[in-house]
Amino acid sequence: DAMVIQNPRYQVTQFGKPVTLSCSQTLNHNVMYWYQQKSSQAPKLLFHYYDKDFNNEADTPDNFQSRRPNTSFCFLDIRSPGLGDAAMYLCATSREVKGVTQYFGPGTRLLVL
Amino acid sequence: DAKTTQPNSMESNEEEPVHLPCNHSTISGTDYIHWYRQLPSQGPEYVIHGLTSNVNNRMASLAIAEDRKSSTLILHRATLRDAAVYYCILRDVSGGTSYGKLTFGQGTILTVHP
């Protein structure tokens, strides 16, 4: 009964080669978030969607983009990955923006060669 | 965003209670205190939250100081499965630019010994 699903769990890409990470949810939540977590650091919010409305964090690099084609799916696109983008990418959902609980997926670990 | 301060690490023995402290001296009246934990190789999971009163759920208890400048997450009987990074987060739900987002600090690494 997985609620927030991220595929793949591990992704290897080459320096500068665009890569897309996927997230889907079975909770029918309005809000979907993407976080970046580098090794031994805390998760950092990149952006979120409230329904179709995209909200970018001020310090998220332009290299990171997102798409949400429908309620269930959200994608993270990294246009030109650099070595510094190697990290765990976490997707989360909540019923509302001010919803009490965010539900996280298991994450996709990105390796950039 | 109001900041929290937690010890970098703590250790416990299995079956014993664990008290994880969090200081948040600049907390505002509209900040809720949230705790999430992150088990190894997993995404964070919600543990508990509160505003002013102490809270209990099936996972843990949250004790909030009367002045709200500190709180303590209590695991009543630690198990090996409780070994994780525990994050204490202040969440403003009053509106405005913070819109209730979660800003993770460094957290406390809890080690549980058999």
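Chain A is the first sequence line, chain B the second, and so forth, proteins listed ahead of strands; every chain is numbered from 1. Bear in mind that the values here come from a model prediction, so they are computed numbers and not experimental data.
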Chain B contact via A:Arg9 - side chain, backbone, both or neither, heavy atoms under 4.5 Å: side chain
Atom group of A:Gln6 that falls short of 4.5 Å from chain B, counting heavy atoms: neither
Ring geometry between B:His34 and B:Tyr36 (parallel below 30°, tilted from 30 to 60°, perpendicular above 60°): parallel
Side-chain donor/acceptor of A:Thr108 to backbone N/O of A:Pro8, under 3.5 Å: yes
Near-ring test A:Tyr35/A:Phe104, centroid separation under 6.0 angstrom: yes
Candidates B:Val55, B:Ile89, B:Leu20 - the one meeting side-chain contact (heavy atoms from CB on, under 4.5 Å) with B:Trp35: B:Leu20
Heavy-atom proximity to chain A below 4.5 Å, by part of B:Tyr32: neither
Selection from A:Pro43, A:Ala42, A:Pro106 maximising heavy-atom pairs under 4.5 Å formed with chain B: A:Pro43
